Amino acid sequence: CFSQRPSPSGAPRRTSALVARPARAMASPAAGAGEYLHVLYGSQTGTAEEVAWDLVREARRRGHPCGDPLALNDWTMQELQDARLAVFVVSTTGQGDPPVNMRKLWQELVSSSLPETLLGGLRFAVFGLGDTRYKEFNYAARKLHARLRRLGAEAFFRIGLGDDQHDFGFEQELDPWAEGMWSALAELCPPSPAAELAGAAAAEDCRYTVEFVLPPEAQGSAGRPLFLAEGDFEATVSASWSLCAEEHAKEVQDVWNVRLKAPPGRRFEAGDVCVVWPRTDPKLVRRFVVETLELELGTSVLIRPRGGGGGGAASSTFPEEPVTLEEVFTSYVDISAVPSRYFFHMLSLYTADEVHKKKLAEFASRTLEAKDALYEYCKRERRSAAEVMWDFWTARPPLAELLSCLPPMRPRRYSIASCPSWYESGAAAERRAAFWAPYANFSPITPRLVRLVGPAALQALCTSDAGPGDSGSPHMNGSAGCELDLCVGIVRYTTRNARDCVGLCSSFLERMPLGAGIRCSFERGELAAPPLGVPLIFVCPGTGLSPCRSLVQERHLQVSRAPPGQLARFRAGLKDMIFLGFRHRAGDFLYGAEWPTFESWLDVHIAFSRDDEERKVYVQDRIDEQGAQVCALLDAGARILVCGKAHPMPAQVFDSFTEALQVHRGMTQEAAVARLREMQRAKAYICDTWG
């Protein structure tokens with residue numbers, strides 16, 4: 001558990017069992033009836049973890065002794081060697097990378113010094129969660145399956161490869177795979193009668209115990225410090241404003257710049273990621289707790305994980321001390337998320353209304369008809385857990401059971417859109433090239449910026465000789481910690497049935513007032529600034545420019561500090577290149593006034609896809625137009641950084657680079673593709689994409 005450390009406000013830091021290693025019962029060496037099953041996962045967004053929980057619940061129902069699922073990073077190589085039966089559920093991130101919470105063990109597994117018989121006693125099965133839009137479809141699961149076999153482990157059932165592009169998502173493959181896997185497991189290791197009884201008792205599985213510890217009037221959550229896990233910190237909002245014209249924001253999408261101030265001692269590098277923990281809208285929380293659950297917001301509860309199957313309890317996301325129900329449903333569980341099938345099963349157990357019970361049980365079943373009905377009702381409409389409970393108002397499970405089937409609050413990851421030195425106290429104003437001054441005359445933005453940060457603050461920012469980040473800036477004090485920008489696309493959309501939906505984290509950041517505290521942490525990103533002598537080619541349509549803007553600022557400071565001898569290639573015309581893509585110059589030209597700042601070393605090429613009524617122009621069209629210069633940079637050892645939505649842009653950009661090499665270097669398509677693939681393997685061609 002964490003030690004007590006002061007929070008930024010001086011109040012004691014709130015603690016959690018989040019990283020406590022639960023005690024686990026290990027399997028005996030001999031396989032046989034009642035063999036202990038371990039379910040391990042690697043999960044980036046929580047989906048693989050939820051699948052792992054489903055498998056654990058089903059294992060207990062079928063009579064297989066099984067503890068709570070655990071992240072692969074929670075295991076050691078010795079524990080893996082001692083295990084005899086294991087099921088792995090693994091998602092894939094980035095360019096075929098394993099999720100963060102399995103990378104530690106994975107790095108140990110791929111060591112070339114491991115003997116080929118290391119895992120000779122292990123029998124296993126693997127299910128992967130992937131997306132066929134990505135070239136590296138289920139790469140992490142396939143690599144894990146192959147590596148376990150190379151180390152002597154034996155697969156007792158085939159690998160399953162779930163595809164998020166199917167109408168029913170990964171469940172289309174998961175359900176038949178799981179049925180086959182349970183049959184194979186029963187033949188390999190028949191459940192014991194005692195385990196079968198335990199499995200029947202676990203049919204209504206509950207992950208937590210809840211104790212009401214204080215009356216509603218005894219304690220509230222106002223003024224309490226934010227919960228912070230190890231590595232987290234409380235950042236404050238120092239400024240926020242829309243980057244889009246008002247009409248574009250209403251009719252298409254709004255994009256905001258949110259500036260955060262980290263506390264002293266917290267540092268990041270250009271290309272890094274800011275992890276943001278959102279909080280649910282207070283109005284939704286109040287309605288759910290007070291009207292739906294008929295409880296008081298200030299009621300305090302103590303929530304503890306309940307171990308299952310003799311293998312110890314999984315770590316808990318709840319603090320070790322009491323929290324109010326307002327805090328529980330604001331910061332710890334996500335009532336705005338689309339619920340799982342298990343949620344409908346749980347609700348069906350706690351309603352006396354036969355119509356509701358029948359419909360909920362139908363949604364929870366695994367038939368094709370039920371999947372189609374659940375997709376139409378819930379997944380396509382993005383219907384939240386709170387809305388489902390409003391629709392099925394007769395279903396009221398106990399609080400412990402409800403918390404067990406609600407998804408935990410998950411953080412969102414934003415590529416930081418500024419470099420750490422850009423706002424440092426004492427940085428020369430010319431290095432930042434009068435960053436704020438252009439906004440004074442940038443008509444699509446100025447009216448909204450005045451309204452959001454106030455005319456006095458805007459006037460100070462735009463007229464200060466020191467520029468943003470110096471000691472004279474109203475939003476920066478170098479001794480108080482670093483500042484950073486997040487470029488946030490505000491998620492709002494209307495479903496097919498005319499339901500208005502919003503994104504949890506983007507709407508949270510949008511409504512945060514100046515000075516508000518936000519739970520954050522830093523993570524190493526996919527991108528990093530190379531030495532000045534290495535040319536860069538950025539391709540970053542839309543909000544994909546976030547990490548590229550950070551690296552552009554970092555390189556601008558490199559150029560400003562470099563001796564003349566290191567700038568020869570820029571003077572010779574071999575500048576770095578950036579390809580930006582937006583819809584309209586007057587609508588969503590993000591940070592539009594900044595880009596001329598860097599023209600001494602950066603060629604900026606912009607595609608406005610909707611400004612030309614005759615044809616749509618995209619970043620790949622600009623790459624085609626600049627093919628000769630692109631090839632010159634590639635010949636000089638350039639790195640390519642592609643950032644933005646995962647489909648279909650990265651594949652189209654790859655084709656454009658391929659065509660440039662064919663046209664301007666006379667290469668065959670096969671040779672051009674091979675050259676780019678080799679760059680990818682050498683991490684000289686990096687795609688940092690999402691969605």
Side-chain angles (χ1 to χ4, degrees), residues 7-9 11 14 221-229 232-244 246 249 253-263 266 268 273-287 297 324 326-337 409-418 423 445 448-458 461 468 473-477 480-492 501-522 543 546 590-591:
S7 71
S9 62
R14 307 184 64 192
S221 58
R224 292 168 64 136
L226 289 178
F227 162 75
L228 298 175
D232 292 349
F233 57 85
E234 181 178 349
T236 55
V237 179
S238 60
S240 61
W241 66 93
S242 173
L243 297 171
C244 299
E246 196 157 3
Q253 185 187 28
D254 203 0
V255 179
W256 279 49
N257 188 94
V258 179
R259 182 161 301 161
L260 302 178
K261 182 187 295 183
R266 299 292 179 173
F268 66 96
V273 172
C274 182
V275 181
V276 176
W277 290 82
R279 300 196 290 272
T280 306
D281 189 326
K283 295 178 182 178
L284 174 59
V285 173
R286 173 174 290 278
R287 180 181 176 187
L297 290 171
T324 66
E326 182 179 15
E327 293 174 297
V328 168
F329 292 102
T330 296
S331 301
Y332 298 104
V333 293
D334 188 0
I335 57 176
S336 71
M409 185 66 73
R410 304 286 181 186
R412 274 58 169 176
R413 289 166 170 81
Y414 291 93
S415 294
I416 299 173
S418 59
Y423 301 120
I445 292 177
R448 305 190 74 198
L449 186 57
V450 171
R451 186 171 69 252
L452 293 166
V453 307
L458 180 64
L461 287 168
S473 170
H475 290 313
M476 180 62 192
N477 183 339
C482 63
E483 284 194 318
L484 60 128
D485 288 337
L486 302 182
C487 183
V488 181
I490 307 301
V491 179
R492 296 189 187 94
C501 298
V502 299
L504 173 65
C505 195
S506 64
S507 61
F508 162 70
L509 290 172
E510 182 185 24
R511 71 173 181 269
M512 284 297 98
L514 299 185
I518 296 175
R519 177 186 171 190
C520 298
S521 62
F522 291 142
T543 55
S546 293
L590 306 182
Y591 307 106

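Given the structure is predicted, the values throughout are model-derived calculations rather than measurements. Below, each value reflects all heavy atoms present in this structure, side chains not excepted, and no hydrogens, waters or symmetry copies. We number each residue from 1, following the sequence as shown.
Here the closest non-hydrogen pair linking R410 and P278 is O-CD, 3.6 Å. When every heavy atom of C244 is checked against every heavy atom of L590, the shortest pair comes out as SG-CD2, 4.2 Å. In this structure, S240 and L514 approach most closely via the heavy-atom pair N-CD2, 4.2 Å. Annotation for D334 and S336: closest pair OD1-OG, 2.6 Å, computed over non-hydrogen atoms. The shortest heavy-atom contact between A235 and C520 is CB-SG, 4.0 Å.
L284 CG to I335 CD1: the interatomic distance, rounded to the nearest 0.5 Å, is 4.0 Å. Rounding to the nearest 0.5 angstrom, the gap separating the SG atom in C274 from the CZ atom in R413 is 10.5 Å. Expressed to the nearest 0.5 Å, how far CZ of R266 lies from CZ of F522 amounts to 8.5 Å. Separating the CD1 atom in I518 from the CE atom in M512 is a distance of 6.5 Å, to the nearest 0.5 Å. Within the model, atoms CD of E326 and OG1 of T280 stand 11.0 Å from one another, a figure rounded to the nearest 0.5 Å. To the nearest 0.5 Å, the span separating CZ on F268 from OG on S418 amounts to 4.5 Å.
Side-chain atoms of N257 and Y591, non-hydrogen and from C-beta on, do get closer than 4.5 Å to each other. L484 is not listed as a side-chain neighbour of Y423, based on a closest heavy-atom distance of 4.5 Å or more. At a threshold of 4.5 Å between non-hydrogen side-chain atoms, the residues V237 and L260 count as touching. Annotation: side chain of D485 is not in contact with side chain of I416 (no heavy-atom distance under 4.5 Å). Between R279 and F508 the shortest side-chain heavy-atom distance falls below 4.5 Å. Looking only at side-chain heavy atoms (C-beta outward), V255 and T543 come within less than 4.5 Å of each other. You'll find the side chain of E510 reaches within 4.5 Å of the side chain of R492, heavy atoms only. Using a 4.5 Å heavy-atom cutoff, the side chains of L228 and F233 are not in contact.
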Q: Under the side-chain contact (heavy atoms from CB on, under 4.5 Å) rule, what do C487 and L243 come out as? Steps first, then yes or no, please.
A: CA-CA 9 Å; C487 183; L243 297 171; 4.1 Å; yes
Q. Would M409 and L504 satisfy side-chain contact (heavy atoms from CB on, under 4.5 Å), going step by step from the backbone distance to the final call?
A. CA-CA 10 Å; M409 185 66 73; L504 173 65; 3.5 Å; yes
Q.
S521 vs V276, test: side-chain contact (heavy atoms from CB on, under 4.5 Å). Steps then yes/no.
A. CA-CA 7 Å; S521 62; V276 176; over 6 Å; no
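Looking at R259, its side chain never comes within 3.5 Å of a backbone N or O of W241 through a donor-acceptor pair. Between the S242 side chain and the W256 main chain, no donor and acceptor come within less than 3.5 Å of each other. Under a 3.5 Å cut-off, the side chain of R511 and the backbone N or O of L509 do not form any donor-acceptor pair.
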